[in-house]
Amino acid sequence: MRVTKKIKEEQIRILGEVYKDTKPALIFRNPFELLIAVILSAQCTDKRVNVTTARLFQKAATPEAILSLGLAALEEEIRDCGLFRNKAKNIMATCQILCEQYGGEVPADFAKLQELPGVGRKTANVVMSVGFNAPAIAVDTHVFRVSNRLKLAAGDTPLAVEQGLMKAIPKDKWSAAHHWLIWHGRNICKARKPLCGKCPLADVCPTAIDFQPSP
DNA sequence: CTCCCGATAT
DNA sequence: ATATCAGGAG
């Protein structure tokens with residue numbers, strides 16, 4: 001199947017229809033809690049992050065409070081999320097910068113966010129999009145996989161896929177489409193065993209046939 | 001490219 | 001047993 005512009009528009013239309021009521025999976029009350037949750041979410045399920053942050057934010061929910069907690073205590077709080085030494089060190093350093101340079105607030109600025117330790121392009125895009133309602137497409141593992149399978153935006157790096165998606169999707173739908181692709185990746189277009197049999201996009205997906213049982 | 005890393009699904 | 005999970009830094 002050759003994925004024409006027409007087919008991409010149809011893919012986007014179906015995604016928007018099926019996943020119109022989706023919202024962020026991570027639980028947060030403000031941009032700071034979102035930032036911490038997204039840092040913790042690397043190589044970890046959102047479900048596990050939500051359990052961890054619920055416990056953490058009860059004890060410390062501001063940059064100041066987390067700095068007071070101390071590195072060792074923070075490591076224990078977030079241990080279950082994996083990569084916990086790196087994440088704890090990065091969160092402490094980030095909180096330090098937020099306090100010293102931004103008055104304890106999270107800057108609504110993509111470049112400044114990316115300068116924070118433990119915050120790369122994907123995390124900065126999530127905070128801008130979800131936390132500050134700015135048009136952005138964060139390419140995580142799900143968005144990357146689904147976009148490539150659909151050939152909605154093919155690319156061998158997250159940045160290439162992000163740029164492809166920005167061309168294929170109207171700007172006013174960037175942030176919503178990011179959530180559509182994540183939900184689709186979680187529920188249907190799974191990494192290991194995609195459910196092509198019950199996928200609403202199977203007719204417009206060039207990869208679906210590859211997962212059908214051979215005749 | 002490698003390393004960081006525990007929990008979960010298959 | 002092993003692949004995968006809302007990645008980022010060196």
Exercise. Take atom CG in A/D203; do more than 12 heavy atoms of anything else shown fall under 6.0 Å from it?
Worked result: no
Exercise. Of all of residues 13-28 of chain A, which get a heavy atom below 4.0 angstrom from DNA chain C, listed by number?
Worked result: A/P24, A/A25, A/L26
Exercise. Please give, in whole Å, the distance from C/dG7 P to A/L159 CG?
Worked result: 16 Å
For this session: Using side chain to side chain contact (heavy atoms under 4.5 Å, CB included) as the criterion, list what pairs up with A/L195, not counting sequence neighbours.
Result: A/I188, A/K190, A/K198
Exercise. Near DNA chain C, under 4.0 Å by heavy atom, which residues of residues 29-42 of chain A?
Worked result: A/S41, A/A42
For this session: Write out all pairs satisfying side-chain hydrogen bond (donor to acceptor under 3.5 Å, both in side chains) with one or both partners inside residues 54-81 of chain A, taking only residues at least two apart or from two chains.
Result: A/R55-A/E77, A/K59-A/E77, A/T62-A/E64, A/E76-A/R79
For this session: Take the protein atom CD1 of A/I91 and the nucleotide atom C1' of C/dG7, then report the distance between them rounded to whole Å.
Result: 13 Å
Problem set entry | Test side chain to side chain contact (heavy atoms under 4.5 Å, CB included) applied to A/K193 - qualifying residues, sequence neighbours left out | none
Scan the side chains in residues 89-100 of chain A for donor-acceptor partners under 3.5 Å anywhere in the protein, sequence neighbours excluded, and list what turns up.
unit_1 : atom_1 : unit_2 : atom_2 : d
A/N90  : ND2    : A/N86  : O      : 3.2
A/T94  : OG1    : A/N90  : O      : 3.1
A/T94  : OG1    : A/P117 : O      : 2.8
A/Q96  : NE2    : A/E100 : OE2    : 3.0

For this session: Keeping to residues at least two apart or across chains, list the side-chain hydrogen bond (donor to acceptor under 3.5 Å, both in side chains) pairs with something in residues 110-124 of chain A.
Result: A/R121-A/E162
Exercise. Who are the ring-ring contact (aromatic ring centres under 6.0 Å, His included) partners of A/H184, not counting sequence neighbours?
Worked result: A/Y19
Exercise. With sequence neighbours left out, what residues match A/F32 under ring-ring contact (aromatic ring centres under 6.0 Å, His included)?
Worked result: none
Problem set entry | Under 4.0 Å protein heavy-atom contact, by nucleotide of nucleotides 4-10 of chain B - B base, S sugar-phosphate only | BBBSSBB
Exercise. Can you list the residues that meet the side-chain hydrogen bond (donor to acceptor under 3.5 Å, both in side chains) rule with A/S175, with sequence neighbours excluded?
Worked result: A/S129
Exercise. Which whole number of Å gives the distance between the P atom of B/dA7 and that of C/dG8?
Worked result: 22 Å
For this session: For A/V49, report the nucleic acid contact type (base, sugar-phosphate, nothing); a contact means any heavy atom under 4.0 Å.
Result: nothing
Exercise. Distance between the P atoms of B/dT2 and C/dA3, in whole angstroms?
Worked result: 15 Å
Exercise. A/K89 NZ to C/dG10 C1': how many Å, rounded?
Worked result: 10 Å
Problem set entry | Spacing between A/L113 atom CG and C/dG8 atom C1', to the nearest angstrom | 15 Å
Exercise. With sequence neighbours left out, what residues match A/D46 under salt bridge (charged side-chain N to carboxylate O under 4.0 Å, His left out)?
Worked result: A/R186
For this session: Could you pull out the closest heavy-atom pair between A/L165 and A/V143, with the gap in Å?
Result: CD1-CG1, 3.6 Å
For this session: Would you mind telling me which residue lines up with the more 5' stretch of DNA chain C, A/P117 or A/I182, judged by nearest nucleotide?
Result: A/I182
